[in-house]
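Please read the structure below before turning to the comments.
Whatever order the structure lists ligands and atoms in, that order sets their numbers, starting from 1. Everything quoted here is computed from the prediction, not taken from an experiment.
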Amino acid sequence: MSVSDNIKRVQDRIADACAKAQRDPTDITLVAVTKQKTVPQILEAVDAGLQHLGENRVEEAVAKIPQVNDDANDELTWHMVGHVQSRKAKHVVQQFDMVQSVDSLKLARRFSRLAGERERRLKILLEINVSGEASKYGLAGYNWYRDSAVRDDLWPEIGEIAALPQLEVNGLMTMAPYDADEKTIRRVFADLFGLRNALANELNLSLPELSMGMTNDYPIAIEEGATMIRIGRAIFGERD
Ligand SMILES: *Cc1c(COP(=O)(O)O)cnc(C)c1O
């Protein structure tokens, strides 16, 4: 299967999930996650019409993004989806349009300052660890609706991030457990949806974007309200 065939299949499944959930497919942004893929492979996805691309490692991205941008006919939007170490944040602000993986107040402050130095505003999503897995990054959001201590930490932290001058907080991002059963995965996505609504109401924030869903679970994520899905393997095949 070619990359463009794979993209068509993903788009068909997006349409099916939207039909099931009575949602409009144009409300879903497909972000092709291009980690470990070469510039020619990435350009196949661009030629097939994708404009949103995601990378998770700073060094790899910095090497590839200018080459892809040079060869692409359309304007591309690059999403950082992996954990960013503070000392690499500068490169991220130079190359990316959106950072989906802001996972601490400290990193958010740094991004705001670096964006200010470049006289720009940076779109971000807040990565929330809803599943509670120790291996996952993100602001602690496990059991947020039952555990007031979680909210007592999370609400002020998000309030401070939202008030930073150079950041536009567009929404939330999460990752479900890799190989959990459907019920568990669905609950993680539903919890992020509920958290967004609670934050929007109680902190008076507009958080339209919910980035959730990868190759294994994006139809479930769409049913639970995702507006962005991040797909690697279903488009480019298995990684090494
Ligand atoms: C790799 C990655 C993806 C894509 O995963 P696939 O299973 O290949 O679809 C999505 N989000 C993040 C944060 C990733 O690192």
Side-chain angles (χ1 to χ4, degrees), residues 1-14 17 28-38 41-42 44-46 48 50-62 64-65 68 77-85 88-89 92 95-104 107 111 123-139 141 170-182 184-185 188-189 192 209-240:
M1 291 291 263
S2 70
V3 165
S4 78
D5 289 336
N6 289 340
I7 290 170
K8 281 203 198 78
R9 273 216 304 217
V10 170
Q11 285 166 336
D12 285 346
R13 288 190 73 196
I14 292 171
I28 314 289
T29 302
L30 171 56
V31 179
V33 178
T34 54
K35 63 191 186 199
Q36 295 180 31
K37 299 300 159 186
T38 63
Q41 286 172 309
I42 298 169
E44 280 185 64
V46 173
L50 296 192
Q51 293 176 354
H52 291 265
L53 304 173
E55 285 278 336
N56 74 332
R57 291 226 164 89
V58 178
E59 285 89 349
E60 183 186 337
V62 162
K64 292 190 298 191
I65 289 175
V68 175
T77 300
W78 287 92
H79 300 254
M80 183 65 191
V81 301
H83 175 66
V84 178
Q85 291 171 279
K88 297 180 185 164
V92 173
Q95 301 281 358
F96 285 87
D97 303 288
M98 171 181 266
V99 183
Q100 299 202 0
S101 44
V102 174
D103 54 15
S104 71
L107 185 62
F111 274 131
K123 290 186 199 308
I124 67 158
L125 303 180
L126 298 171
E127 181 172 357
I128 311 288
N129 180 343
V130 184
S131 71
E133 292 166 284
S135 60
K136 287 213 161 53
Y137 288 103
L139 300 169
N170 285 2
L172 308 179
M173 182 270 244
T174 202
M175 292 169 86
Y178 187 71
D179 51 8
D181 57 68
E182 181 178 329
T184 305
I185 291 170
V188 167
F189 295 149
L192 193 75
E209 301 288 357
L210 286 180
S211 176
M212 53 190 199
M214 310 175 18
T215 291
N216 283 350
D217 53 27
Y218 67 93
I220 305 171
I222 289 169
E223 288 175 38
E224 298 301 328
T227 63
M228 286 187 171
I229 56 173
R230 310 178 307 270
I231 307 294
R233 290 170 299 138
I235 293 174
F236 298 105
E238 293 296 323
R239 289 178 294 271
D240 296 333

_Measuring from atom CG of Asn6 to atom CZ of Phe236, what distance do you get when rounded to the nearest 0.5 angstrom?_
9.0 Å
*Can you spot which of Val81, Thr174, Asn170, Leu172 makes a side chain to side chain contact (heavy atoms under 4.5 Å, CB included) with Leu125?*
Asn170
*Decide yes or no for Val3 and Gln41: does some side-chain heavy atom of the first lie under 4.5 Å from some side-chain heavy atom of the second?*
no
*At a 4.0 Å threshold, what atoms of ligand 1 neighbour a non-hydrogen atom of Val81?*
12 (C), 13 (C)
*Hey, can you tell me if Tyr137 and His83 have their rings parallel, tilted or perpendicular (30° and 60° cut-offs)?*
parallel
_Arg239 heavy atom under 4.0 Å from ligand 1_ = yes
*Please state which protein non-hydrogen atom is closest to atom 5 (O) of ligand 1 and give its distance, to 0.1 Å?*
Met214 CE, 3.4 Å
*Would you please determine whether Asn216 falls within less than 4.0 Å of ligand 1 on a heavy-atom basis?*
no
_If the cut-off is 4.0 Å to any non-hydrogen atom of Arg233, which atoms of ligand 1 fall inside it?_
6 (P), 7 (O), 8 (O), 9 (O)
_Nearest option to atom 6 (P) of ligand 1, as decided by whichever heavy atom of Thr215, Ile231, Val31 sits closest_ = Thr215
*Would you mind running through ligand 1 and noting each atom that sits below 4.0 Å from a heavy atom of Gly232?*
4 (C), 6 (P), 8 (O), 9 (O)
*Say you draw a straight line from CZ of Arg9 to CG of Asp5; how long is it, rounded to the nearest 0.5 Å?*
8.0 Å
*May I ask you to identify the nearest protein heavy atom to atom 15 (O) of ligand 1, giving residue, atom name and distance to one decimal place in Å?*
Lys35 NZ, 2.7 Å
*Side chains of Glu209 and Thr227: donor-acceptor distance under 3.5 Å anywhere?*
yes
*For atom 11 (N) of ligand 1, which of Lys136, Glu238, Arg230, Met212 has the closest heavy atom?*
Arg230
*Roughly how far, to the nearest 0.5 Å, is CZ of Phe189 from CD1 of Ile222?*
10.0 Å
